[in-house]
Amino acid sequence: MFEKNYLKKTFLQIGFPKIISFVLGFVSFPLMINAVGLTDYGIYIYISSLVILVEAFMDFGITSAWGKHCSSLRTSKINVENHYFLWMLCQIVFAVTILFICLLISYNINIDNKLIFIYVLLTLFFGVFHNFQKSTLNSLLYFKLVARIDLIESVFRTLIYLLVAFFYKSVETMALLFLFSCIMLLLISSLMIFIKVIDKNFINNEFNKIDQLKFIFSQSVMFLWLRLSTRFFHEIPVIILRNYTNDYLVGLLGSMRKFIEYLTIPFSIIGNILMIRSKELILAKKNKILLENLNMIIFFVIFFIPLILLFENIIIDSFFDSYNLSMPLIPLVIFYLISHIMFSLYAPVSDYLGALKQRNYFLTIMVVITTAILLTTSFLNQNHLLLIPLIVLMNFILAFGYYLISKKIILQNFKLKKISKSETLLINQFILTLCFFTFKFLFEDLLNVNYIYIIFLILFFTNFKFHNAFIFKYLKGLKAI
């Protein structure tokens, strides 16, 4: 039977540890950035971007494919133990093989900051297995347990940032500490698996291992494609930015990502919850309700996001090392944030409903277009500051594409005769927000800034007022999901 208030109940159950993670990150990360500086942090981000491309082959898409398969086993009430061990064995084979190749290559060639490279490589290697364990727990609906593991991870990360901020002041030491913490987290998540998942009677659950291996490979290849495309889309711009500018701008982009990572924590929770339950929602004929909920979450994000401007100076001083370039930073951060919130909500649901192939094609095309645009801009324009706004723009285009793919797969045979109210709200609010930032940052020297705030505040609430019946109906109807 479909559980009412599932989203609300689950979010409240696991939200508290995430709130603690949010607070810890917001306090400790700025201290670390101000200690090592954006330039040194840029070195760490650049090396991480190179290694993350390799990590995609270590994972080989197995973690994501296993999460989907494990969720199906749970839905079908089939024991997971035998399947778990076979999938884990495949994960070990791919990860160890790629690690050995990378260590062999790094030993025989000269690499700047080689120790950082090796530390990050080993961290991501152990991280592959840690993520596999978390994927298992998530798919079996152990959300509270995963939240506690994430909280422990956040505490480790906070301790590392504080140690670097007050004692070591070195990104090399930070990379080594992250390696130790990743090993500890893997031990903790593995212990949870053996306590909660592994059954002593698993040998009795027989299945054809050859057929299962074929299935593992076929499913993993699709997720590997997605993982590679995602990695290339996010990391190639970092590599291009580093090659045409400097470590400071790379550190700036890395700090933007970290700031956004903390703010997207609640939306990642919602996205993962809905991902696991999306098939049940579709089977219960709740297609439109699922889509409306996703759209309305984005609406409220866009509605409240200008409030970030109240803390503009604090954010810049804390996260961006007293940033003083001519490029308006906060509008870029805000639109970058909206894009990543859309990623967190639409992408997981669409993948689990069968839109993985469509998303792979779209993402691959976006990788080619983004790389071409950034390289062309770097060659033709000496003002390389334009690269960061272009990166933000391409992220937003990608997020909008994810929305269209998600809408199509969620509605399936349901067809809307006209644009939905949630889409109308979204479009109106986005246009208003875009106009607000345009006026504020282009004409604030000519117009009274307070008047700009007042005018757009009235427009924001007017959009809300015109659709308040639908909004309140949505808020009351959350129990349906």
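Because the structure is a prediction, the values reported are computed rather than measured.
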Within-4.5 Å side-chain heavy-atom neighbours: [X] and [Y]:
| X | Y | result |
| --- | --- | --- |
| Val120 | Ile116 | yes |
| Lys407 | Asn295 | no |
| Leu122 | Leu99 | yes |
| Met192 | Gln133 | no |
| Phe320 | Ile33 | no |
| Leu137 | Ile149 | yes |
| Trp225 | Val221 | no |
| Ile239 | Leu53 | yes |

Of the non-hydrogen atoms in [X] and [Y], which two are nearest, and what is the gap between them?
| X | Y | value |
| --- | --- | --- |
| Ser28 | Tyr161 | OG-CD1, 3.4 Å |
| Cys102 | Leu121 | CB-CD2, 3.7 Å |
| Val333 | Ile260 | O-CD1, 4.0 Å |
| Gly271 | Val349 | O-CG2, 4.4 Å |
| Val36 | Val164 | CG1-CG1, 3.6 Å |
| Ile388 | Leu252 | CD1-CD2, 3.8 Å |

Test side-chain hydrogen bond (donor to acceptor under 3.5 Å, both in side chains) applied to Asn113 and Tyr119, step by step = CA-CA 10 Å; Asn113 301 293; Tyr119 293 155; over 6 Å; no
On the ring face of Tyr402, is Arg359 found with NZ or CZ under 6.0 Å from the centre and within 45° of the axis?
-> yes
Please report the C-alpha distance between Ile391 and Leu332 in whole Å, then the side-chain angles of each, then the deciding distance to 0.1 Å, and finally whether the side-chain contact (heavy atoms from CB on, under 4.5 Å) criterion is met.
-> CA-CA 10 Å; Ile391 291 170; Leu332 292 176; over 6 Å; no
Intermediate values then yes/no, side-chain contact (heavy atoms from CB on, under 4.5 Å), Ile236 and Val367 = CA-CA 9 Å; Ile236 290 296; Val367 168; 5.6 Å; no
Please check if the side chain of [X] supplies one atom and the backbone of [Y] the other of a donor-acceptor pair under 3.5 Å.
| X | Y | answer |
| --- | --- | --- |
| Ser268 | Ser344 | no |
| Ser49 | Ile45 | yes |
| Asn138 | Val146 | no |
| Lys114 | Ser106 | yes |
| Glu153 | Cys182 | no |
| Ser189 | Leu186 | yes |
| Ser181 | Phe178 | yes |
| Asn395 | Tyr336 | no |

Between Glu235 and Arg242, does a salt bridge (Lys or Arg N to Asp or Glu O under 4.0 Å) hold up when you go through it step by step?
-> CA-CA 11 Å; Glu235 306 308 330; Arg242 170 60 179 78; over 6 Å; no
Should the pair [X] and [Y] be assigned to parallel (<30°), tilted (30 to 60°) or perpendicular (>60°) ring geometry?
| X | Y | answer |
| --- | --- | --- |
| Phe396 | Phe430 | parallel |
| Phe343 | His340 | perpendicular |
| Phe26 | Tyr262 | perpendicular |

Using side chain to side chain contact (heavy atoms under 4.5 Å, CB included) as the criterion, list what pairs up with [X], not counting sequence neighbours.
| X | answer |
| --- | --- |
| Ala355 | Ser350, Gln358, Ile405, Ile409 |
| Arg227 | Glu55, Ala56, Asp59, Ser64, Arg231 |
| Ile92 | Met88, Val96, Phe129 |
| Glu261 | Lys258 |

Please say whether more than 12 non-hydrogen atoms of neighbouring residues, nucleotides or ligands are located less than 6.0 Å from CZ in Phe362.
-> yes
Hey, could you give me the [atom1]/[atom2] distance between [X] and [Y], rounded to the nearest 0.5 Å?
| X | Y | atom1 | atom2 | answer |
| --- | --- | --- | --- | --- |
| Met58 | Phe126 | CE | CZ | 10.0 Å |
| Trp66 | Phe223 | CH2 | CZ | 13.0 Å |
| Thr264 | Leu337 | OG1 | CG | 7.0 Å |
| Ser255 | Phe259 | OG | CZ | 9.0 Å |
| Gln91 | Leu86 | CD | CG | 12.0 Å |
| Ile101 | Thr97 | CD1 | OG1 | 6.5 Å |

Non-neighbouring partners of Arg148 that pass salt bridge (Lys or Arg N to Asp or Glu O under 4.0 Å), sequence neighbours left out = none
Using the test salt bridge (Lys or Arg N to Asp or Glu O under 4.0 Å), find all partners of Asp40 that sit at least two apart in sequence or belong to another chain.
-> none
Could you please spell out the steps behind the side-chain contact (heavy atoms from CB on, under 4.5 Å) verdict for Thr173 and Ile160?
-> CA-CA 9 Å; Thr173 303; Ile160 290 170; over 6 Å; no
Verdict with reasoning, Val93 to Phe60, per side-chain contact (heavy atoms from CB on, under 4.5 Å) = CA-CA 10 Å; Val93 170; Phe60 203 76; over 6 Å; no
So, Thr63 versus Ser135: side-chain donor-acceptor pair below 3.5 Å or not?
-> no
Using the ring pair (Phe, Tyr, Trp, His ring centres under 6.0 Å) rule, pick out the option among Phe85, Tyr84, Phe94 that qualifies with Phe132.
-> Tyr84
